[in-house]
Amino acid sequence: QVRLVESGGGLVQAGGSLRLSCAASGRTFSSYAMGWFRQAPGKEREFVTAISWSGGRTYYADSVKGRFAIARDNAKNTVYLQMNSLKPEDTAVYYCAAGALSDSGKEHPYWGQGTQVTVSS
């Protein structure tokens, strides 16, 4: 069992940066790949990025490639999402999830409650 709590969301101007954190409880955190997903109002949830259990492999959606970076610290049971050059279309609730190294939400059995990111133009 893994419990996930996101933090770091907020309001930022276009072109700005935010760093999201996802703190996990449970001894098995390092066994799971971690992902970030987002859901904008009126839209379906979409994949943002994922990282393998060791941190050695990362994947990004084309829409965030080159702007966002995922990292994890297994000693701190935390995964991070550094978001740079933010755009208004990045506005969404961001969720971290634990599970398989996959861009499918169905392969992540554990989810956080989400943190709101709002990018003003």
Side-chain angles (χ1 to χ4, degrees):
Q1 187 92 14
V2 178
R3 180 171 178 264
L4 305 172
V5 179
E6 302 96 334
S7 61
L11 174 64
V12 63
Q13 288 188 332
S17 298
L18 280 176
R19 188 175 83 152
L20 305 183
S21 298
C22 174
S25 61
R27 295 177 295 172
T28 58
F29 170 76
S30 60
S31 300
Y32 292 99
M34 297 296 296
W36 286 95
F37 294 77
R38 67 186 182 186
Q39 187 166 20
K43 295 187 177 181
E44 293 188 353
R45 182 179 62 196
E46 65 174 357
F47 169 76
V48 177
T49 180
I51 188 167
S52 62
W53 68 270
S54 67
R57 288 182 290 165
T58 58
Y59 300 95
Y60 296 91
D62 288 342
S63 59
V64 305
K65 204 169 292 183
R67 300 188 298 122
F68 289 13
I70 189 172
R72 68 188 296 163
D73 185 337
N74 287 340
K76 295 183 178 180
N77 279 11
T78 302
V79 63
Y80 305 97
L81 178 61
Q82 178 66 44
M83 305 186 294
N84 300 324
S85 302
L86 282 161
K87 304 175 181 180
E89 51 263 44
D90 294 318
T91 295
V93 177
Y94 284 70
Y95 300 90
C96 71
L101 186 61
S102 168
D103 62 1
S104 171
K106 294 179 181 180
E107 297 193 45
H108 293 76
Y110 303 109
W111 292 81
Q113 83 289 349
T115 186
Q116 176 71 46
V117 171
T118 302
V119 184
S120 63
S121 57

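Quick caveat, the model's predicted, so the values are computed rather than measured.
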Side chain of [X], backbone of [Y]: donor and acceptor closer than 3.5 Å?
| X | Y | value |
| --- | --- | --- |
| R57 | A50 | no |
| N74 | S54 | no |
| T49 | Y59 | yes |
| R3 | S25 | no |

Taking the side chain as everything from C-beta on, heavy atoms only, tell me whether [X] gets closer than 4.5 Å to [Y].
| X | Y | value |
| --- | --- | --- |
| Y94 | E6 | no |
| M34 | V2 | no |
| Q13 | L86 | no |
| Y95 | L4 | no |
| Y60 | I70 | yes |

Roughly how far, to the nearest 0.5 Å, is [atom2] of [Y] from [atom1] of [X]?
| X | Y | atom1 | atom2 | answer |
| --- | --- | --- | --- | --- |
| T78 | L20 | OG1 | CG | 12.5 Å |
| Q82 | S21 | CD | OG | 9.5 Å |
| D73 | S30 | CG | OG | 11.0 Å |
| R72 | S52 | CZ | OG | 7.0 Å |
| W36 | M83 | CH2 | CE | 8.0 Å |

Residue pair [X] / [Y]: nearest heavy atoms and the distance that separates them:
| X | Y | answer |
| --- | --- | --- |
| A100 | A33 | C-CB, 3.6 Å |
| S104 | S102 | N-OG, 2.9 Å |
| W111 | G105 | CZ2-O, 3.5 Å |
| V117 | G9 | CG2-CA, 4.2 Å |
| R38 | S63 | NH2-OG, 3.5 Å |
| S121 | P88 | CB-CG, 3.8 Å |

Next on the checklist: Working note: Y110 + Y32, criterion ring-ring contact (aromatic ring centres under 6.0 Å, His included); need CA distance, chi angles, decisive distance, verdict.
Outcome noted: CA-CA 10 Å; Y110 303 109; Y32 292 99; 5.6 Å; yes

Checklist entry - Taking the inter-plane angle between the rings of H108 and F37 on a 0 to 90° scale, is it parallel (under 30°), tilted (30 to 60°) or perpendicular (over 60°)? => result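 If you compare the ring of H108 with that of F37, the planes turn out perpendicular.
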
Item to check | Stepwise side chain to side chain contact (heavy atoms under 4.5 Å, CB included) test for Q116 and T91 | outcome: CA-CA 8 Å; Q116 176 71 46; T91 295; 4.0 Å; yes

Item to check | Joint cluster assignment, F47 & V64, ILVMFWY side-chain distance < 4.5 Å | outcome: no

Item to check | Worked check of salt bridge (charged side-chain N to carboxylate O under 4.0 Å, His left out) between K65 and D62 | outcome: CA-CA 5 Å; K65 204 169 292 183; D62 288 342; 3.1 Å; yes

Item to check | Residues forming a salt bridge (Lys or Arg N to Asp or Glu O under 4.0 Å) with E107, sequence neighbours excluded | outcome: none

Checklist entry - Under 6.0 Å from the NZ atom of K43, do we count more than 12 heavy atoms belonging to anything else shown? => result no

Item to check | side-chain contact (heavy atoms from CB on, under 4.5 Å), paired with D90, selected from V48, L18, V12, V119 | outcome: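 Only one of V48, L18, V12, V119 forms a side-chain contact (heavy atoms from CB on, under 4.5 Å) with D90, namely V119.
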
